[in-house]
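Following: one structure in structure tokens, then a few remarks.
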Amino acid sequence: MFIWTDKELSTEQSDAIIDDDNILLIACPGSGKTRTLTYKIAFELSKLTSKKKFIIAITYTNRAADEIKERVELLGVDTKQLWIGTIHSFCLEWILRPYSLYLPQLKKGFRVINSFDSETIITELCNTFNDNNNLSGRDRIKYWDCSFFATPKPGYLLASQNYSKRDSIKTILRDYFKILRANNQIDFEQILFYSLKLLKKYSIINSILSKVFSYILVDEYQDTKEIQYHIISSILKASDQHTNLFIVGDPNQSIYQGLGGYPIEKTDLQKLCGLNIKELKLTKNYRSSKKIIEYFDYFKTFENEIIAVGKDVEYESIISLNDTVVKHDLIDEIARIAEYNIKDLSISQNEICIIAPQWVHLASATRKLMLKLPDYSFDGPGMAPFSRDIENFWFRLSRIVLTEPSPNLYIRRLRWSADIIKEFNNAGVDTAQINKRRLLRLCNSINITETDGLKYLEMFFGEFCKQLGIIISDFSTLKEHYNSFFESSNKRIERLLKEGIDYISNIETFKKVFQQRKGITVSTYHGVKGTEYDTVIAFALLQDYIPHFSDPKGIENSRKLLYVIASRARKNLYLISERERFKNFGSPPPGYVMTQHLKEYTYEYDE
């Protein structure tokens with residue numbers, strides 16, 4: 001049995017872990033949610049008595065899945081009977097690949113189209129539709145207008161709130177689905193759609209899976225979509241209460257409602273799953289100072305207790321709001337704050353984060369800050385030369401290619417090698433003579449001297465396949481993913497070069513994508529979720545950005561965004577609502593104004 005000491009976990013955390021009931025765990029920011037989830041997984045794995053049983057953990061991101069699995073392994077617990085990943089990966093692994101033959105739409109086989117290829121198809125359809133209908137200006141349908149998500153009923157829901165465009169969007173999406181069907185392809189939302197369809201049509205699948213799964217754990221439940229709740233509950237309901245549920249998150253951080261995510265009420269969850277569920281709470285914040293916690297507590301939309309207990313609880317935090325700086329002087333102000341924190345407050349540059357609503361705000365700001373602060377490094381996913389498309393085979397391989405062999409990374413790289421072999425099998429490659437250690441040794445042995453990042457990867461992939469006797473063009477999935485990886489990377493690099501990030505195409509920049517965080521982080525408000533820093537600097541806190549002008553639940557969601565932003569900070573928080581940021585080029589003052597909830601908050605800010 002896996003055990004731990006009182007020093008490792010609090011009483012709240014331990015109680016949640018050892019409880020045998022189905023649990024809905026409400027966890028405030030900085031309460032050790034991931035730690036609790038990790039120990040719960042380790043505890044349940046150690047209790048398994050059958051080698052045929054699995055613990056299933058569903059995370060919001062693949063990064064979270066990697067982190068949690070690594071933590072479980074470091075606790076010394078065997079993870080052979082643990083499956084952990086996103087809901088899309090879960091559906092592919094356990095539902096679609098084993099049972100797709102039972103659906104007429106998928107019985108001839110299917111390939112998952114990645115986000116870049118999906119965007120390319122929809123963009124071309126939008127352009128054709130606009131030209132055929134003589135649409136111009138704001139009337140033109142853009143790719144982002146066509147966002148949709150799968151639902152239990154009626155099947156798909158449009159994300160766009162522009163009702164005048166909805167009929168046009170539906171026409172474009174009908175053509176999009178026709179193209180996918182003709183090519184035996186499905187996209188990410190269809191993974192969920194077809195998985196639920198199988199579970200509804202063939203109850204035996206639910207029964208089979210429920211007998212295999214001992215526990216289903218769900219992280220960040222407040223970002224879970226309705227269709228995902230239905231997929232999980234179908235399996236739980238079939239288990240006759242032999243499969244347990246452990247679901248954890250923070251309703252106050254539900255910032256993906258525009259994509260269909262929401263925190264389900266306990267009574268609704270019980271009804272859906274057919275289970276009795278106990279609600280527990282993690283109320284102790286180990287992250288932030290008392291002053292920071294008291295500040296972000298104002299923005300709560302879900303009432304829960306938050307108690308400051310961390311080592312920085314008495315830290316004399318700075319919380320400032322600047323609504324006088326003009327956009328022209330914004331970079332100087334952010335640079336001044338960063339330097340003051342590093343030089344005067346002894347904050348590490350690795351513990352500073354600069355955030356804004358969208359990457360369009362961060363791109364030019366980051367370039368200017370790099371020129372302004374040449375002695376410091378800057379890091380962030382938006383500065384990566386290729387997108388983190390975890391479903392792309394060549395992205396998965398690039399993780400091994402671009403990380404140096406070292407004892408610290410050995411277990412992780414070995415796990416990535418196992419993923420590569422699994423994806424080879426899915427693509428139809430004969431892997432009888434390949435094992436994860438041989439594959440890792442092969443990657444370590446290939447020596448490429450090219451300094452251009454994309455050329456380096458192209459040459460590496462070529463040599464890798466040559467030594468394994470694999471011809472990429474013989475396997476349609478590998479070929480599609482290969483073309484998509486390089487096309488999307490080329491476009492991304494071209495955009496970043498135009499923005500002045502001159503070093504972006506260098507192989508050393510490529511390698512930094514998988515290195516530990518180094519330098520001042522730049523990220524969006526959504527991208528920063530789940531992270532923490534000593535100092536947070538947030539700008540563009542303006543109405544129509546927070547909340548977004550098209551958000552029908554803007555008042556509620558802007559509170560949640562401000563809650564997430566403020567709760568990332570351990571020690572210091574700098575909020576900026578700059579002036580003279582105009583809505584359209586050449587538009588008259590005053591332009592954007594401070595977001596409503598900041599304006600209404602009568603707080604005595606620091607200078």
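Separation of atoms CD1 (Ile84) and CG (Asn62) is listed at 10.0 Å; rounding is to 0.5 Å. In this structure, the separation between CG on Leu478 and SG on Cys465 is 7.0 Å, given to the nearest 0.5 Å. The CD1 atom of Ile122 sits 6.0 Å away from the CG atom of Leu173 when rounded to the nearest 0.5 Å. For the atom pair CD1 of Ile565 and NZ of Lys560, the computed distance is 14.5 Å after rounding to the nearest 0.5 Å. Separating the CD atom in Glu220 from the NZ atom in Lys529 is a distance of 4.0 Å, to the nearest 0.5 Å. The line from CD1 of Ile235 to CD1 of Ile208 is 11.5 Å long, rounded to the nearest 0.5 Å.
A perpendicular orientation is assigned to the rings of Trp94 and Phe54, their planes being inclined by more than 60° (bins at 30° and 60°). A tilted orientation is assigned to the rings of Phe213 and Phe90, their planes being inclined by 30° to 60°. Ring planes of Tyr482 and Phe486: tilted class, angle from 30 to 60°. Taking the six-membered ring where tryptophan is involved, the planes of Phe461 and Trp394 are tilted, since the angle between them lies from 30° to 60°.
Minimum interatomic distance between Leu135 and Arg140 (heavy atoms only, all atoms of both residues): O-NH1, 3.0 Å. Of all the heavy atoms in Phe424 and Ile470, the pair that sits closest is CZ-CD1, 3.5 Å. Closest of all the heavy-atom pairs between Thr61 and Thr86 is C-CG2, 3.7 Å. Closest heavy-atom contact between Pro263 and Tyr229: CA-OH, 3.8 Å. Of all the heavy atoms in Thr151 and Tyr156, the pair that sits closest is OG1-N, 3.8 Å. Between Leu496 and Ala384 the shortest heavy-atom distance is CD1-O, 3.6 Å.
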Derivation of the salt bridge (charged side-chain N to carboxylate O under 4.0 Å, His left out) call for Asp117 and Arg111: CA-CA 12 Å; Asp117 290 333; Arg111 301 188 304 278; over 6 Å; no
Stepwise side-chain contact (heavy atoms from CB on, under 4.5 Å) test for Ile205 and Lys200: CA-CA 9 Å; Ile205 299 174; Lys200 281 184 173 181; over 6 Å; no
Residue pair Leu414, Leu440: steps toward the side-chain contact (heavy atoms from CB on, under 4.5 Å) verdict: CA-CA 7 Å; Leu414 207 60; Leu440 195 56; 3.8 Å; yes
Check against side-chain contact (heavy atoms from CB on, under 4.5 Å), Leu199 and Ser195: CA-CA 6 Å; Leu199 296 180; Ser195 293; 5.6 Å; no
Step-by-step side-chain contact (heavy atoms from CB on, under 4.5 Å) determination, Asn435 to Leu439: CA-CA 6 Å; Asn435 62 50; Leu439 191 144; over 6 Å; no
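Taking 4.5 Å as the limit, every side-chain heavy atom of Ile352 sits out of range of all side-chain heavy atoms of Tyr376. The side-chain heavy atoms of Gln228 and Val218, taken from C-beta on, include no pair separated by under 4.5 Å. Using a 4.5 Å heavy-atom threshold, the side chains of Ile186 and Ile113 count as separate. Within the 4.5 Å cutoff, no side-chain heavy atoms of Ile169 are placed close to those of Phe148. By the 4.5 Å heavy-atom criterion applied to side chains, Tyr533 and Asn350 are not counted as neighbours. In this structure the side chain of Tyr256 reaches within 4.5 angstrom of the side chain of Tyr60, judged on heavy atoms. Side-chain atoms of Leu157 and Glu226, non-hydrogen and from C-beta on, never get closer than 4.5 Å to each other. Counting heavy atoms from C-beta on, the side chains of Ile537 and Cys353 never come closer than 4.5 Å.
For Lys491, the NZ atom counts as loosely surrounded, since its 6.0 Å shell holds 12 or fewer non-hydrogen atoms of other residues, nucleotides or ligands. Heavy atoms of other residues, nucleotides or ligands lying less than 6.0 angstrom from NZ of Lys466 number 12 at most. Surrounding CZ of Arg495 are more than 12 heavy atoms belonging to other residues, nucleotides or ligands, all under 6.0 Å away. Taking a 6.0 Å sphere around OH of Tyr102, one finds it holds 12 or fewer heavy atoms contributed by other residues, nucleotides or ligands. The environment of Lys512 atom NZ is sparse: at most 12 non-hydrogen atoms of other residues, nucleotides or ligands sit within 6.0 angstrom.
For the side-chain contact (heavy atoms from CB on, under 4.5 Å) with Glu463, the qualifying choice from Ile446, Asn447, Leu468 is Ile446, the only one to do so.
A donor-acceptor pair under 3.5 Å links the side-chain atoms of Gln190 to the main chain of Asp187, judged by distance alone. A donor-acceptor pair is defined here as one N or O able to donate and one able to accept, closer than 3.5 Å; such a pair exists between the side chain of Gln161 and the backbone of Ala159. Side chain of Arg568 to backbone of Val528: no donor-acceptor contact under 3.5 angstrom is found. At least one donor-acceptor pair closer than 3.5 Å links the side chain of Asp430 to the backbone N or O of Ala432. A donor-acceptor pair under 3.5 Å is formed between the side chain of His481 and the backbone N or O of Phe393. Under a 3.5 Å cut-off, the side chain of Gln222 and the backbone N or O of Asp250 do form a donor-acceptor pair. One N or O on the side chain of Ser488 and one on the backbone of Ser484 form a donor-acceptor pair closer than 3.5 Å. Looking only at distances, a side-chain donor or acceptor of Glu450 sits under 3.5 Å from a matching main-chain atom of Asp452. Listed for the Arg438 side chain is a donor-acceptor partner under 3.5 Å among the backbone atoms of Gln433. Although no hydrogens or angles enter the test, the distance criterion places no donor-acceptor pair under 3.5 Å between the side chain of Thr431 and the main chain of Ile434.
Salt bridge Asp139/Lys165: absent, no basic N to carboxylate O contact under 4.0 Å. Under a 4.0 Å N-O distance rule, the pair Asp544/Arg581 does not qualify as a salt bridge. By the 4.0 Å N-to-carboxylate-O rule, Asp379 lies too far from Lys518 to be salt-bridged with it. A salt bridge links Lys225 with Glu189: the closest approach of a Lys/Arg side-chain nitrogen to an acidic carboxylate oxygen falls below 4.0 angstrom. Taking 4.0 Å as the cut-off between side-chain N and carboxylate O, Asp419 and Lys436 do not count as a salt-bridged pair.
Of the N and O atoms on the side chains of Thr403 and Arg413, at least one donor lies less than 3.5 Å from an acceptor on the other residue. Using a 3.5 Å distance cut-off with no hydrogens or angles, the side chains of Asp145 and Ser160 do not pair a donor with an acceptor.
Within the structure, ring-ring contact (aromatic ring centres under 6.0 Å, His included) contacts touching residues 492-514 (residues at least two apart or in different chains) are Phe386-Phe510, Phe395-Phe514.
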